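Step one of this worksheet: look at the structure below.
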Amino acid sequence: MVNVRKNKLGISRAILIGAIIVVVIVAAVGGYFAYQQIAKPPAKLVVAARSGTYAEGLKIAAKEFSAKYGVEVIVHAFGYKGLHDKLVTEMLEKTGAFDVVMLDDPWLPEFAARGFLVDIDAMLKERGITLDPDFIPTCIEVSRYKAKLYALPYVGNVQLSAYRKDLFEKYGLPEPKTWEDVLHAAKVITEKEGIYGYVIRGKKGNPVVTNFLPIFWAYGARIVDEGGKPRVYSPEGVESLKVFVELKKYSPAGTENFGSAEVRALLLEGKVGIVGEVWPAWVPDLEDPTKSKVVGKVKIIPPPGAKPMIGAWLLGIPVTSKNKDLALKFMLFTLSKEMQKKMTLEAGVPPTRASLYRDSDIVAKYPWYPVQLEALMTARMRPRIPVWKKVEDTLASYIHAALTGELTSEEALRKANEELAKILAST
Amino acid sequence: MDRHYVGLLMVLPAIVIMAVLTLYPIFYSIYLSFHDFSASHRLKYVGLSNFMSSIGNRLFQISFMNTVLFVVGATVTEVILGLCLALIFMWEFRGRGILVPLIVLPMMLPTIVVCSFWRILMHTEFGVLNAMIKLLGFKPINWLGSSNIALWSIVLVDLWQYTPFVFLILYAGAISIPRHIFEAAIIDGANRLQIIRYHVIPFLKPYIVIVALLRIIDTFRIFDKVYALTAGGPGNATEVLTFLIYKIAFRYYEFGLGSAQAIIMLCIVLIVVCFYIILTRRGRTR
């Protein structure tokens, strides 16, 4: 008995000693690596991006950047509203989680005014870098707030329009140059062809305002004047809203709640004659026979009235980033001509350099690019005010009131103007 | 005494976590609701003005009314439908074992998925609902685009998703009634309707009250369906409180005002919760 016990004790002691040795070795090796980590943290960039094409484009640039400079770049992708809310909370909490952030252009005034973003002008000046004049002027303009550059333009997105050239030829309609042309053509197509002449992307909030703005601007109306006073209630504004309400007659029922998915579906199914607002990312599907019933039948044009809305996506650096130098380096690398060309060809990201819209390789793949450049050159931006989101929501609710017939166009804009005056005065 | 002490120690981590994750945010938002946090980052004490301007605000009033309509519409119909289903399913019949899990299925889906496919079903042009309506020879309905209908369309989606929840609880109550009561009733010459009227419904009463309260509390917090289906439109037809608060706080950065409105909401929910607690307590002591 005693023997056995001793024997047992002997074995367990051996195991114990063995275990201690293993633990010590593991701890030593682990500690060594941990020490190395602390002593020399590997350079790493974290990017917050809009999911989909734009994030895919950045991933291409990130891979190239890592290969060239040995810096790990992590691209986190978020949905549209998710990205905005994520950035707001991160920047209010000052976590410094991101080094480069992607922004929709109307977010720029809101973020810059709150001191969330690094002054890029100052950074460039310090380093003696001047911006390439090849960048499209409107894209640079949209990256500024109060004349200072707070971001660099990454995606040259702009509203386009589309119409069915087969139907326009059939009924002898001219290419629409004004919104009266659109109205007339929509009427003819609705009555004679039995499909919808037009379709409004009318979902409340950003969609309906975005959809309405090119018409509003084409009539010479404006939202805010230089003094920061609302100007939506004007003869031009009322006239443009009347056109918008009139266009609803030729749109399918439920158009007040359509998002881009519904509008795209109608266009691809060949159920609509003119679409006033088409985004570059939608265009490739039109010529894909597996997705489109209108291959070769749709023409892309700059929006009638030549006042499309720019919808650029920008890259900025949060003030909380711990790697600002590296972040700027990555941005300049991403926005270089070679890299933009690669991202355009491989991921379909619309570039922000004029020369690329004329590049033969790119035009061969995206034949509508010269039209897009034309639209970009005359594009307008949404008012550069930090309270834009609130202004946009307020406008949306009154445009909706006019669309659903709750108010006349005149009343809707008068009331919108009153409410906007309060919002703008309180800031 | 010692044991009591140990017990307290054991639940201490849970209490700490609760305090950090639940109590701190609540008290912080009460604190915020008395301050202006909009234009600058500096907090300015403004007393009750956030509350006053909320109550006087047109959009807040509209949102409040819409929320109440939604709560009443959804809860009442869900309870009635759930009760009917429970009364049918309490009798044994062939296939019941398969049907019950099927009925409960919608409840298990994430709301955002439910909304995505209801958006397709309710599509005016390609939607299945309108296709059926047209087949029956009626005019198609503009489900989500018409001011008069949009809110009720959202109620419909909620019905589809949460009637099963009401059903499940009432069904559980109904099948727990001792069968010998029914046998006695049948011997006394009662038919099924009489059994339901005089035995089942009285027995289910507390269940109905509890499930209705749970649905009121839940529907009052409606957010995701509005966010995914209509974004508050058309016009202000589907603006509800939570969505408004979300916009005010996270889109307009007016955290003070947003907090004030959240506190008002919390108070309303608390009143309902008090009823719930009183009723469950009474049920237990009985």
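Protein chains get the first letters and strands the later ones, always in sequence-line order, with residue 1 at the start of each. Computed from a predicted structure; not experimentally measured.
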Toward chain A: residues of residues 129-160 of chain B with heavy atoms under 4.5 Å: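 Listed by number: N142(B), L144(B), G145(B), S147(B).
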Counting only heavy atoms closer than 4.5 Å, note whether [X] contacts chain B via side chain, backbone, both or neither.
X       : result
K390(A) : both
T255(A) : neither
Y196(A) : side chain
T404(A) : side chain

Taking the side chain as everything from C-beta on, heavy atoms only, tell me whether H400(A) gets closer than 4.5 Å to N236(B).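 Result no, sub-4.5 Å side-chain heavy-atom pair not found.
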Nearest heavy atoms of [X] and [Y], plus distance in Å:
X       : Y       : answer
D393(A) : R251(B) : OD1-NH2, 3.0 Å
A231(B) : K203(A) : CB-CE, 3.9 Å
R58(B)  : Y398(A) : NH2-OH, 3.1 Å
Y246(B) : D85(A)  : OH-OD2, 2.8 Å
Y253(B) : E110(A) : OH-OE2, 2.6 Å

Pairwise side chain to side chain donor-acceptor pair (under 3.5 Å) hits with a residue in residues 66-75 of chain B, at least two apart: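 Output for this query is empty, none listed.
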Over 12 foreign heavy atoms within 6.0 Å of [atom1], [X]:
X       : atom1 : result
K81(A)  : NZ    : yes
F250(B) : CZ    : no
F27(B)  : CZ    : no

Can the positive tip of K271(A) be found less than 6.0 Å from the middle of the six-membered ring of F126(B), inside 45° of the ring normal?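 The answer is no; the distance or angle limit is not met.
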Could you please spell out the steps behind the side chain to side chain contact (heavy atoms under 4.5 Å, CB included) verdict for T124(B) and E262(A)? CA-CA 10 Å; T124(B) 44; E262(A) 284 89 355; over 6 Å; no
Please step through side chain to side chain contact (heavy atoms under 4.5 Å, CB included) for the pair H123(B) and F258(A), ending with a clear verdict. CA-CA 9 Å; H123(B) 193 291; F258(A) 279 6; 4.1 Å; yes
